[in-house]
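Each remark here refers to the structure printed beneath this line.
Since this is a predicted model, take the numbers as computed values, not measurements. Numbers here are sequence positions counted from 1. No hydrogens, no waters, no symmetry mates; every other heavy atom, side chains included, goes into these values.
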Amino acid sequence: MEIYLSKVGHYSKIFNKISKRYNSISLLRLLSIFFCLFMLFYYIKTSETIYMLPAFLSFAGFLFLMRIHSKLSFERELTKAVLKINEDEISYLKREKLFFENGIEFNDFHHPYAYDLDIFGEHSLFQNLNRTATFIGKKTLAHKLLTLFSNETILENQEAVEELKNKIDWRQSFESLAAVSNDSKNSYDSLIHWISFKNNSLSKVLVSFSIILPILFFGFIIGYFITSKAILLSYATYIFIFNLIVLGRALKRIQSEIAKADNIDKTIKYYSLLIKKIETENFESKKLTELQSQLVFKNAAASSHLKQLSELFSRMDTVSNFVTAILFNGTFLFNLHVLRALLKWKNDYSDELENWINIIGEFEALNSLANLSYNNPDFVFPEINSGYKISFENLSHPLLNPETRVGNDTHFYPQSFMILTGSNMSGKSTFLRSLGINMVLGGIGSAVCASKATIHPLQVLVSMRLSDSLADSESYFFAEIKRLKQIMDALEERPAFVLLDEILRGTNSDDKRNGTIEVVKKVISKKAIGAIATHDIEVCLTTNEYPDVLTNQCFEVEIQNNELHFDYKLRSGICKNKSATFLMQKMGVI
């Protein structure tokens, strides 16, 4: 936390300094324009040319101050953004408030673990991890959390995250630039729509007109100034009107090209700046250097191509301004030339554009994982194997308070499946979620909440926290049966890491016990690795039939000084102590 406190102090001073300059320039800019108007007033009043020079100089000064003001405004925004980044991290580490988007829009109730493990939503894994600011960044991070990658990709991600972890200044600079872009799903969708909207090139007639008519117009104008023949000015006027008619014929085409593209020039401009941040940084890990190498196309940097596209869209905006549209298009068909350049850009670079944007999202997602590792130096990158070996030392849930969370050692070899018992509140569900969350993190190349870890990355299949689906007219029990069917179908294809928490709660005790035993037998027959939590002691006896596969583990509760005491430590064997009767007696229920 000290580094964030230090940065807050540093950037607060910079922000105050820039703000003073910004306010001073604002005042000078206002004074310069007033002085210009004052001089012009005296020139009109007296016709003395002496007033024209200071008026001109003050106006030139105004334009110069405008450029400085714009630059300071951008620096001020960036500094404010990076200041907020560090303040948010301090608040997060103090466990005061989560300022980060929770990704609820990416939740999928039919996904094998997204809902059960609280991947999205308030106080979710996504919200704790998320340090993205663009839509593509959030989308990429969400995709990672829902996907199992190959061992090779996981190792490459680990290396990339390890490198980015120590580039805190670069990460925060990148994040602040993304934050001030004010990117949104609408902006992203507009750009993707523009890429997918393939138009043919302009007709040869329009292209010919765009070249010949401006030449004729300026030719007549120059001829008029040389010869002073009024008829040439008349011809120029006719050309001016004809240019507007030509533009009118092309207006529908222009409007179709820029449809749904409001402020798209600003979006692309910030994408260009983010790409440039990647291009100019020195990376060593394989994944980051490969991503960086994809940002060169046709012997030029992707950022320069994006900058050109941003400028083209900015120029095209003039068509919506009546005065400039009439003036620019009547003289030299400005928007027709911009349309030609825009179509050429799309033809040359549109196939690469989405990949460039995806690279921004990839860096934001990896930055989020690097931030997790940086904030938790005690987390480790798991060793990856292909021998179905999974073990953790000091395993805990990464979202629990590090000052109070309790770690446990666990392994899934030689026995591969655990039957977990324990009274309510003893820590069974938290332990299962700890296993699931860390398997998910390990499967995307992130650090995990353990002091040592070895994993064979597997698909995670969970039945823990289903809800009635009233929209589908489903009971809880039927929803659970569907989830178990989904798990069994997935196991038909390949082994997976399975977590089951007190299944079949919607039926009677005998049916539940027998059904649970059969589920356990079916799961282990499919070579699944994982754990099931249960209150039925009879289920634990299944280990006698499959001692090489099944193992009994438990969480115990003790009564100390007439109070329940939970130590949340995993033990071998079957739970012996009961807490329900004691708790009901203590509370006067029975």
Side-chain angles (χ1 to χ4, degrees), residues 70 73-74 76-85 88 97-108 114 119-122 124 126-146 171-197 255-278 302-303 305-307 309-314 316-317 320 342 346 349-350 352-368 371:
S70 178
S73 177
F74 182 64
R76 189 167 176 260
E77 269 192 287
L78 278 179
T79 307
K80 185 177 180 180
V82 77
L83 182 60
K84 185 177 186 304
I85 287 169
D88 288 351
K97 189 174 182 181
L98 285 171
F99 292 97
F100 317 111
E101 292 187 49
N102 60 30
I104 191 65
E105 65 271 28
F106 301 110
N107 210 359
D108 180 1
I119 301 297
F120 304 106
E122 283 299 307
S124 63
F126 182 92
Q127 189 174 28
N128 280 266
L129 280 178
N130 181 28
R131 298 301 184 272
T132 68
T134 67
F135 173 74
I136 187 60
K138 289 190 280 287
K139 182 180 177 182
T140 304
L141 180 60
H143 173 73
K144 283 186 181 298
L145 291 173
L146 298 177
R171 283 193 288 108
Q172 291 194 348
S173 177
F174 192 84
E175 186 181 344
S176 64
L177 192 54
V180 301
S181 71
N182 294 316
D183 185 50
S184 65
K185 185 178 186 298
N186 288 337
S187 301
Y188 173 80
D189 288 343
S190 295
L191 196 51
I192 299 303
H193 171 79
W194 180 75
I195 296 172
S196 63
F197 188 62
Q255 289 175 335
S256 69
E257 193 64 31
I258 62 174
K260 299 182 180 179
D262 295 340
N263 296 319
I264 199 170
D265 58 315
K266 294 179 181 176
T267 299
I268 299 167
K269 176 187 174 184
Y270 280 105
Y271 284 163
S272 171
L273 293 173
L274 287 166
I275 290 291
K276 192 169 185 179
K277 290 288 291 183
I278 298 170
S303 60
H305 296 313
L306 288 172
K307 183 180 179 183
L309 180 61
S310 173
E311 290 171 351
L312 287 172
F313 270 109
S314 182
M316 189 60 85
D317 281 346
S320 60
L342 205 54
K346 183 190 285 190
Y349 306 112
S350 63
E352 298 295 321
L353 179 56
E354 189 168 2
N355 181 50
W356 295 338
I357 298 171
N358 288 338
I359 288 173
I360 293 173
E362 188 68 25
F363 267 88
E364 280 202 284
L366 291 171
N367 280 346
S368 295
N371 192 75

Using the side-chain contact (heavy atoms from CB on, under 4.5 Å) rule, take Phe126 and Lys138 through it: C-alpha gap first, then chi angles, then the decisive distance, then the call. CA-CA 9 Å; Phe126 182 92; Lys138 289 190 280 287; 4.2 Å; yes
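- Taking CD1 of Ile357 as the start and OG1 of Thr267 as the end, the distance is 9.5 Å to the nearest 0.5 Å.
- Within a 6.0 Å sphere centred on CD of Glu105, other residues, nucleotides and ligands contribute more than 12 heavy atoms.
- To the nearest 0.5 Å, atom CG of residue Leu306 and atom NZ of residue Lys276 are 12.0 Å apart.
- Residues Phe174 and Lys277 approach most closely at CD1-CB, 3.9 Å, considering heavy atoms.
- Between the OH atom in Tyr349 and the CG atom in Asn355 there is a gap of 15.5 Å [rounded to 0.5 Å].
- The aromatic rings of Phe313 and Trp194 sit perpendicular, their planes meeting at an angle over 60°, well past the 30° parallel limit.
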May I have the step-by-step check of side-chain contact (heavy atoms from CB on, under 4.5 Å) for Leu342 and Leu309, ending in yes or no? CA-CA 7 Å; Leu342 205 54; Leu309 180 61; 3.7 Å; yes
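- Judged purely by distance below 3.5 Å, without hydrogens or angles, the side chains of Ser190 and Ser187 never pair a donor atom with an acceptor atom.
- Contact between Gly103 and Phe120 at its shortest, heavy atoms only, is O-CD2, 3.4 Å.
- Paired with Ile85 under the rule side-chain contact (heavy atoms from CB on, under 4.5 Å), one option of Glu175, Lys80, Arg171 passes, and it is Glu175.
- To the nearest 0.5 Å, atoms CD (Gln172) and CG (Leu83) are separated by 10.0 Å.
- At distances below 3.5 Å, not a single donor-acceptor pair connects side-chain atoms of Ser73 with backbone N or O atoms of Ser70.
- Between the CG atom of Leu141 and the CG atom of Leu146 there is a distance of 9.5 Å, given to the nearest 0.5 Å.
- Taking the centre and axis of the six-membered ring of Phe99, the NZ or CZ atom of Lys84 falls inside the cone set by 45° and 6.0 Å.
- Under a cut-off of 6.0 angstrom, the local environment of NZ in Lys266 is sparse, with at most 12 non-hydrogen atoms contributed by other residues, nucleotides or ligands.
- For the pair Asp265 and Ser310, the tightest heavy-atom approach, listed with the atom from each and the gap, is O-OG, 2.7 Å.
- Counting all heavy atoms, side chain and backbone alike, Val180 lies closest to Glu77 at CG1-O, 3.6 Å.
- In this structure, the separation between OG on Ser124 and CD on Glu101 is 11.5 Å, given to the nearest 0.5 Å.
- Nearest approach of Leu129 to Ser368, heavy atoms of both residues: O-CB, 3.3 Å.
- Nearest heavy atom pair, residue Ser303 against residue Ser272, reads O-OG, 2.8 Å.
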Run the side-chain contact (heavy atoms from CB on, under 4.5 Å) check on Asn358 and Ile136 step by step: do they pass? CA-CA 7 Å; Asn358 288 338; Ile136 187 60; 3.4 Å; yes
Begin with the C-alpha distance, continue with both residues' side-chain angles, and end with the deciding distance and a verdict on side-chain contact (heavy atoms from CB on, under 4.5 Å) for Glu257 and Met316. CA-CA 10 Å; Glu257 193 64 31; Met316 189 60 85; 5.9 Å; no
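- In summary, of the residues considered (Thr134, Thr140, Asn130), a side chain to side chain donor-acceptor pair (under 3.5 Å) with Glu364 occurs for Thr134 alone.
- Side-chain atoms of Tyr271 and Asp183 include a donor-acceptor pair closer than 3.5 Å.
- For the pair Asn367 and Arg131, the minimum side-chain heavy-atom distance is 4.5 Å or more.
- The shortest distance between side-chain heavy atoms of Phe106 and His143 does not fall below 4.5 Å.
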